[in-house]
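The chains referred to below are lettered A, B, ... by the order of the sequence lines, with proteins before strands, and numbering in each begins at 1.
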Amino acid sequence: MRKVVTTIAVNDIRLLLRDKGGAFVTFVFPLAYCIFFGLIFATHNTSPRAIDIVIVDEDHNQQSEEFVELLKQSGAVELKMASREQAMEQVRRGNHAAYVVITEGFGKASQNVRTDDRPKIEIGLDPSRKAESEVVKGLISKYAFEFFYSHINKRLVGDVPDNQHEAWSGFTPVEIETTEIVQTRTGPSSSYDISFPQGIIWGVLGCCASFGISLVNERTTGTLSRLLVAPITRTDILAGKALACFSSTLLLGTVLFVVGMVAFNVNPQAPFHLAISLLAISTAFVGIMMFISILGKTERAVSGIGWAVLLSMAMLGGGMVPRFFMPHWMQTLSTISPVSWAILAMEGAVWRGFSTSEMLLPWSVLAGVGLLFFVIGVRGFSWPDKG
Amino acid sequence: MLKVCQLCKRFGSILAVDSLSFDAQPGEILGLLGPNGAGKTTSINMIAGLLHADAGEVDVGGLGSPTRSEVRRKIGIAPQALALYDALTGEENLRFFGRLAGLSGKALRDRVSWSLDFVLLTDRKHDRVKTYSGGMKRRINLAAALVHDPPLLLLDEPTVGVDPQSRNALFENVLAMKAQGRTVIYTTHYMEEAEKLCDRVGIMDHGAFLAFDTVARLIEAYGGHSMVTVERQNGRVQIESDDPLAECVRLQKEGEILSLRVDQPNLERVFLNLTGRAMRD
Ligand SMILES: Nc1ncnc2c1ncn2[C@@H]1O[C@H](COP(=O)(O)OP(=O)(O)OP(=O)(O)O)[C@@H](O)[C@H]1O
Ligand SMILES: [Mg+2]
């Protein structure tokens, strides 16, 4: 790539950042959107803070029920009873952090501390939810210890002073077996999986509008003439503009996803696919930026008409209201909006579990849209020497 | 350095430039004078390669037409309509335009600070251009034309709104550039500027030269006579004369004089004689 192209791109990004309003629309507003709508739609069972586990009682006796009761009383976990199959499915879907199976013979073994077959508890954990898994493991060990301690003491010595706890240290009265359950999600794991792609769309639209308007601004303030007099080509100028828009969009999408992953438990199933999706989205919206810039002669006109076009795209494409809330016919209609393909490209990689071949459709649609609009934009662009 | 041949440009029904031809040598300052709408800016833009001519040719330094990017490297333009990034500082503007012209590293730094010095804006270089006064903007606009050290400078009304101190400093610098062998095309409405700076002046109207020569020869040909104004007790008299000194001596003999003024023909008279005194739109 020619050096002047990067020079122009860097200058453009700097100009965007100097413009407080533009920077806000591009970076701050989308993040606010991601968080705000994530909070609104956040449902109880998907909140990352509530550690909820599924209990499977395969022993069905007084002791096992007492143990479940003990866990319930603790208040440290949210419990739900289920069969082993249901429990595994719940964890696999990411609805619950872990399942705990009280195996057959638990009650009997707990009655007799001296036998070799210790009471056994199985825990199924989702390896991708490490922090929660550790907490669950710790909690189960702790309550199992308390449970047996009270049972055995009752039988052997009656009341034991507190310092007796130490005598038990290092001894695990119950065997805990853990199994890893890899999530195969079929839906979004939390409302943030939905709100982040949507919020990112707003950032992309902001970038698109800002750079489109800045291109017109260059013409009205005469700096475009200066660029034309410089010893560079028109291709360099437009390539610089395109590069500025492309890299800002890409950076914005990446940064917002990283924020989502670090702070809001957004956990893309296919990060590599997501990266390609962001590239495809940036391509599409560079084209649209170029197209926006020819919609009027002045900044005011381009800003007005441009935002009207972008907002329509967003409304129809599920950037405001998620597509699955739309009636069926509208969902079909919304495929004419590039925004719907952009969201699909992100969701496909984040939670829809698309295969590479399924991703090819949104990727190629986005690339095609980018190319088409770019060509229209370049052809319709009025250079200062045309007048 | 610059050859302009039969240049034409039409905007709809307006013939903005009409078969304009001239050339300029290295080390020459060439003035373009003309009323509003005479076609000066249009000519400058065609010379800079910013406008395509309908007909005719421009050749810069024997390299060919400025529509080619490597030819444009030889040209620096200070457009009449300021062309700057308001949100950037003066220095950032110059750095950007310098980079576009292919400068980098130390060469870029040196040229940027030279240009800032040239227009006396070094102490304001870290301020955003939008905070500059009108004259400062005009000066940084000129600096942007110089930053890549071009041999051909196109200055379109570079002194509009510039105060006398800065203007005088600017004249000296333009003369210094001439001494370095640069060619300067200079448009202005200030006649004394053209008289002071320009080796040759083209008086333009309706897109064509009415006259094109050195200032002295223009005055000789189109300046008319000297004007002697004499004031006496009984009123004021103006007399045109080829020999104002002899006229003064004669007037003194005729009686008491309260005041006496001699106006020699100058470029302004040439301009008005050629383009007429009627108001232009
Ligand atoms: N882009 C354009 N579209 C239409 N007409 C134009 C355009 N640019 C210039 N003109 C016309 O061409 C003529 C010459 O304009 P130009 O700007 O070259 O004049 P000028 O000599 O620079 O005047 P001034 O002293 O006011 O700067 C004018 O009649 C003007 O109206
Ligand atoms: Mg002009």
Do B:R95 and A:N11 meet the criterion of a side-chain donor-acceptor pair at a distance under 3.5 Å?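 B:R95 vs A:N11: no donor-acceptor pair found between side chains.
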Without swapping roles, check the side chain of A:R226 against the backbone of B:I77 for a donor-acceptor pair under 3.5 Å.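 Side chain of A:R226 to backbone of B:I77, a donor-acceptor pair under 3.5 Å: yes, one is there.
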Which atoms of B:A101 approach chain A - backbone, side chain, both or neither, heavy atom under 4.5 Å: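 Both parts, backbone and side chain.
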Relative to chain A, which segment of B:R128 carries a heavy atom at a distance below 4.5 Å: side chain, backbone, both, or neither?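 Looking at B:R128, just its side chain touches chain A.
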Nearest heavy-atom pair of [X] and [Y]: which atoms, and what distance?
X     : Y      : value
A:V4  : B:R99  : CG1-O, 4.4 Å
B:A83 : A:G222 : CB-O, 3.3 Å
A:K3  : B:S104 : NZ-CB, 3.8 Å

Max heavy-atom pair count under 4.5 Å with chain A, selected residue of B:R68, B:E92, B:K74, B:E70: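 It is B:E92.
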Could you have a look at B:L82, B:L88, B:L84 and say which one has the most heavy-atom pairs with chain A under 4.5 angstrom?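 Of the options given, most contacts go to B:L88.
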Can you give me every donor-acceptor pair (side chain of residues 44-51 of chain B, partner residue at least two apart or in another chain, under 3.5 Å) with its distance?
none

If you measure from CG on A:N217 to OH on B:Y85, what distance do you get to the nearest 0.5 Å?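 A:N217 CG to B:Y85 OH: 9.0 Å, rounded to 0.5 Å.
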Mind checking the CD1-CG spacing from A:I8 to B:L100? Nearest 0.5 Å is all I need.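 Those atoms lie 5.5 Å apart.
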For A:R234, does the CZ atom have more than 12 heavy-atom neighbours from other residues, nucleotides or ligands under 6.0 Å away?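 Yes, CZ of A:R234 has more than 12 neighbouring heavy atoms, counting only those of other groups under 6.0 Å.
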Should the heavy atoms of other residues, nucleotides or ligands under 6.0 Å from CZ of A:F272 be counted, would the total exceed 12?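 No, not enclosed.
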Side chain from CB out, backbone as N, CA, C, O: work out which of these in A:R219 comes under 4.5 Å of a heavy atom of chain B, or both, or neither.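 No part of A:R219 comes within 4.5 Å of chain B.
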By a 4.5 Å heavy-atom criterion (distance strictly below it), what part of A:L224 contacts chain B: side chain, backbone, both, or neither?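 Interface part for A:L224: neither.
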Residue among A:T7, A:T223, A:L228, A:D236 with most heavy-atom pairs under 4.5 Å to chain B: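 Heavy-atom pair counts peak at A:T223.
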Of all of A:L15, A:V10, A:L227, which one pairs up most often with chain B through heavy atoms under 4.5 Å apart?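 Most heavy-atom pairs under 4.5 Å with chain B: A:L15.
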Which is it for B:R73 and A:I232 under the side chain to side chain contact (heavy atoms under 4.5 Å, CB included) test, yes or no, and what are the steps along the way? CA-CA 9 Å; B:R73 198 182 299 277; A:I232 57 176; over 6 Å; no
